[in-house]
Amino acid sequence: MARHELLDNITHKDLKINLRYQPGAGFDHQMARIFPIELGALQAEYPLFFARNTDRDQYDLVALLGFESDENLYLGQGDWLAKSLPLSIERQPFLIGFEGQATSPGSGQPVIHVDMDHPSISEEHGERVFLPHGGESVLLERMNEVLGLIHAGHGESDAFSRTLSGLDLIEPLNLEVTFANGEKTTLNGLYAINEDNLRQLNAESLDLLHQRGYLQHIYMLLASLPQLGALIERKNQKLQSQSE
Amino acid sequence: MAAPGMHRIVIVGGGTAGWMAAAALSRTFGEAKDICLIESDEIGTVGVGEATIPAIKNFHLLLGLDEREFLNAVNGTFKLGIEFDHWGQLGDRYFHPFGPPGTDSWAAQFHHYWLKGQSIGENTGFNDFSVEASLARAGRFGMEGDRKPNYAYHFDAGLYAKLLRRLSESWRVRRIEGKVVDVKLTTESGMIESVRLESGELVAGDFFIDCTGFRGLLIEQALHSGWEDWSHWLKSDSALAVQTESVAPPAPFTRATARSAGWQWKIPLQHRVGNGLVYCSDYIDDDEARKLLLDNVDGQTITEPRQLRFKTGRRLMQWNKNCLALGLSSGFLEPLESTSIHLIQNSLIRFIKLFPAHQIEQAEVDQFNDDVRLEFERIRDFIILHYHVNQRNDSPYWVELREMDLPDTLAHKIELFKSNGRVFRDQYELFAEQSWVVVMMGQGLKPGGFHPIVDNLSDADLRRFLQQTRASVDQLVQLQPMHDAYLRHLQGVEGTESLRA
Ligand SMILES: Cc1cc2nc3c(=O)[nH]c(=O)nc-3n(C[C@H](O)[C@H](O)[C@H](O)COP(=O)(O)OP(=O)(O)OC[C@H]3O[C@@H](n4cnc5c(N)ncnc54)[C@H](O)[C@@H]3O)c2cc1C
């Protein structure tokens, strides 16, 4: 269970963050939530899809990281095996909370929380969060920026996916994947751009998508699909090294 | 022929309408009347009506039905309003709550203050001032605090009919299983004398209630009461309904998502979710519709998608001679604002109030028919409003709806609102001013001005007023438990202490 605390420079004056991108260090997730502004940077290295967020009844953008619920093929022995990092990974172990326990996202002041149960939490190793006299470290400054982007990204992401689903441009994907060793798996719960419907859009709809900057996003999503092959290759190599 | 005593009441049809009629009549008249209900196991019910509006609580009051008992019997959930997606423009979302925004009452409706606020840079959304909309967004529901939410229910229609049947039978309604094959009229007055079942049995009565669904076996096939078609305004003629497993705690509201040639509903119950697509078959074929629906539901489907066809319009004489039509036999408006069950209830109550003492008085019948006509027409206008006020260009369907000719009554309402944000409700109108306001504004119709009385407040006072209203809404919302916790509490699974989320 996560233990979220409001970050402050007294309670957490000695807090250090010791990030290790490896299995068992808090990053064993099959998917990472991503946001529209990241699409350009991420499409060259990750297969990008939508996933249903049933709590909020929305489609979220996600980067697929593995083929099992706790598999993340981008974890190395401490390093992240790609050039760009999704914001939702980079932010960890920090997160946004809302002061005054607002009833809805968007009301109340966003404030930084920290998950004290995250494996990267330390008092000995890693990077300091606060400077010895209480000022913000470079790490914390960057976190402020990352969390700000994520905060803004929620609304942008919802508006984007809602518009696409209104145009029937999001369809469920049922993909069967076969690995080099013959093993098979099916990917459920992912959604992709419905290319048939995209081709049939009339000029007005295209114009609307264009004006909102959504066409660009759509092309990024489509452009990311070959990365699924690359991800399968990562899995093949893992399977091979396991069998050796 | 005079109707002596009006003692024997025969209800034909055992869908939602039939059992609502049986329950209300037997509860009201007790053993003073002989009430029977004929239903045919062979002919199924429509049974997809699962979302309601707040007035249904009055119906339950009449029946003496306890809320907890009711909810547990029908797997019910609470409903604070309807969320509309994509109606004005793609990507838009607004909420039509079951209660007025703001917590205070003022000389001019709250939206005038809000509009002025917008003009001086206060940018809080209109729905943030609504208790119901804010609760819905937070997924909360409860009865803490002074300002109780306005609400209705979602329920399993099959279980609801069962519950009403159990009550009716306990109040001595006789149920006859059988298919009506013939309706016998008296020669002199043309009133219904009896109906004949397939078995040969004759069931005679003094008054007949036609709850046979779209076919209108008595009111139309026997009495030819006439039909007014509204499909040039409301084009939908088909629906597909499918139930799915719940994958998240039930939301305390209905969702209505506009699609390329129709719209989709989502009605969360305790144990499952009801989904459906209402569409116009001129614009999308059944296979496409089916794919569209199945692509847009969460969770495994529990049933095969069920196809329904309908015609939008109204029976010209809902009460004709000694026959009253209730439910689908009396007319149909698509379920966009969940009004059908309400119309059954209202006609029923109105009828009980005018129940003939000895013989049928034509003046009363005319009055009844006039009243229900007005009520039907106002709801029709309100539903057309949702389709008409749109800025969508993504499909010819939406463009045509925007460009169609409107009923005069509706055109007038829209004009009034456009100029200075005024809305007036007439006597027979179900939906209050605030409902028109949220839908018109939610779909992108912004009035040119606001009521001058608002200028009596200084900008600073107006800001303070808006902020206080908003804060009191927030406060109230935080007092309430999560919707599913409240439901569990009603089921007796959890004590109140653990309710505060
Ligand atoms: C797609 C759709 C969605 C809807 N959603 C909602 C909603 O969310 N909220 C809402 O309030 N309403 C909704 N409605 C309307 C609602 O479903 C109906 O108002 C309600 O079900 C009442 O139906 P009924 O009892 O009039 O007819 P039916 O359910 O059709 O029942 C007809 C009855 O008559 C009997 N019968 C017929 N012929 C004979 C015969 N010859 N002999 C003996 N018995 C006979 C049948 O056996 C059956 O019992 C919806 C309707 C549709 C089509």
Side-chain angles (χ1 to χ4, degrees), chain A residues 36 50-60 98-109 155-174 188-194 196-198 200-214 217, chain B residues 83 85-87 89-93 124-125 127-128 131 133-140 244 246-249 251 253 255 257-261 263-264 266 268 273 284 288 291-292 294-300 391-396 398-399 470-471 473-480 501:
Chain A
F50 291 102
R52 253 330 247 168
N53 182 325
T54 49
D55 283 346
R56 293 185 314 111
D57 218 335
Q58 286 278 10
Y59 295 94
D60 289 345
F98 290 90
E99 196 134 58
Q101 262 315 307
T103 50
S104 52
S107 61
Q109 272 304 311
E156 289 160 14
S157 170
D158 286 355
F160 172 56
S161 66
R162 201 150 63 217
T163 302
L164 263 56
S165 91
L167 283 169
D168 308 329
L169 289 179
I170 301 183
E171 68 175 348
L173 201 66
N174 269 316
N188 292 319
L190 291 176
Y191 295 76
I193 299 290
N194 182 328
D196 286 342
N197 290 357
L198 181 64
Q200 285 166 22
L201 287 184
N202 62 12
E204 287 86 355
S205 309
L206 283 174
D207 191 47
L208 178 106
L209 290 176
H210 172 64
Q211 278 173 18
R212 295 184 181 180
Y214 294 166
H217 295 344
Chain B
E83 184 164 86
D85 277 7
H86 305 305
W87 285 83
Q89 176 57 287
L90 282 166
D92 280 2
R93 167 173 285 185
T124 308
N127 271 336
D128 289 325
V131 170
S134 302
L135 278 171
R137 188 169 43 188
R140 291 175 188 261
T244 52
S246 314
V247 290
F253 58 88
R255 162 149 315 146
T257 307
R259 301 266 176 233
S260 49
W263 63 278
Q264 182 177 341
K266 178 172 184 182
V273 176
I284 176 173
E288 281 175 90
K291 176 169 182 334
L292 188 58
L294 293 179
D295 276 359
N296 286 289
V297 297
D298 291 320
Q300 292 294 318
Q391 300 87 51
R392 289 183 60 158
N393 287 316
D394 55 289
S395 69
W398 290 100
V399 176
R470 167 90 201 271
V473 169
D474 269 1
Q475 219 172 23
L476 200 70
V477 168
Q478 276 159 53
L479 283 178
Q480 315 305 331

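Protein chains get the first letters and strands the later ones, always in sequence-line order, with residue 1 at the start of each. Fair warning: this is a prediction, and the values are worked out from it, not measured in the lab.
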Best-contacting candidate, B:Arg255, B:Lys291, B:Arg392, against chain A by heavy atom pairs under 4.5 angstrom: B:Arg255
Can you find a pair of side-chain heavy atoms, one from [X] and one from [Y], that are under 4.5 Å apart?
X: A:Leu164; Y: A:Leu209; answer: yes
X: B:Asp394; Y: A:Leu208; answer: no
X: B:Asn393; Y: A:Asp207; answer: no
X: B:Arg137; Y: B:Asp128; answer: yes

Which portion of A:Leu201 sits near chain B, non-hydrogen atoms under 4.5 angstrom: neither
Toward chain B, the part of A:Ser161 with a non-hydrogen atom under 4.5 Å: neither
Contact leader toward chain B among A:Arg52, A:Arg56, A:Glu171, A:Arg212, where contacts are heavy-atom pairs under 4.5 Å: A:Arg52
Pick from A:Asp57, A:Ile170, A:Asp55 with the largest number of heavy-atom pairs that fall under 4.5 Å of chain B: A:Asp57
Geometric class of the A:His217/A:Phe160 ring pair [parallel <30°, tilted 30-60°, perpendicular >60°]: perpendicular
Parallel, tilted or perpendicular: rings of A:Tyr191 and A:Tyr59 (30°, 60°): perpendicular
Below 4.5 Å from any heavy atom of chain A, which atoms of [X] appear? Answer side chain, backbone, both or neither.
X: B:Pro396; result: neither
X: B:Ser395; result: backbone
X: B:Gln89; result: side chain
X: B:Thr257; result: neither

Flag for A:Thr54-B:Asp298: side-chain donor and acceptor within less than 3.5 Å: no
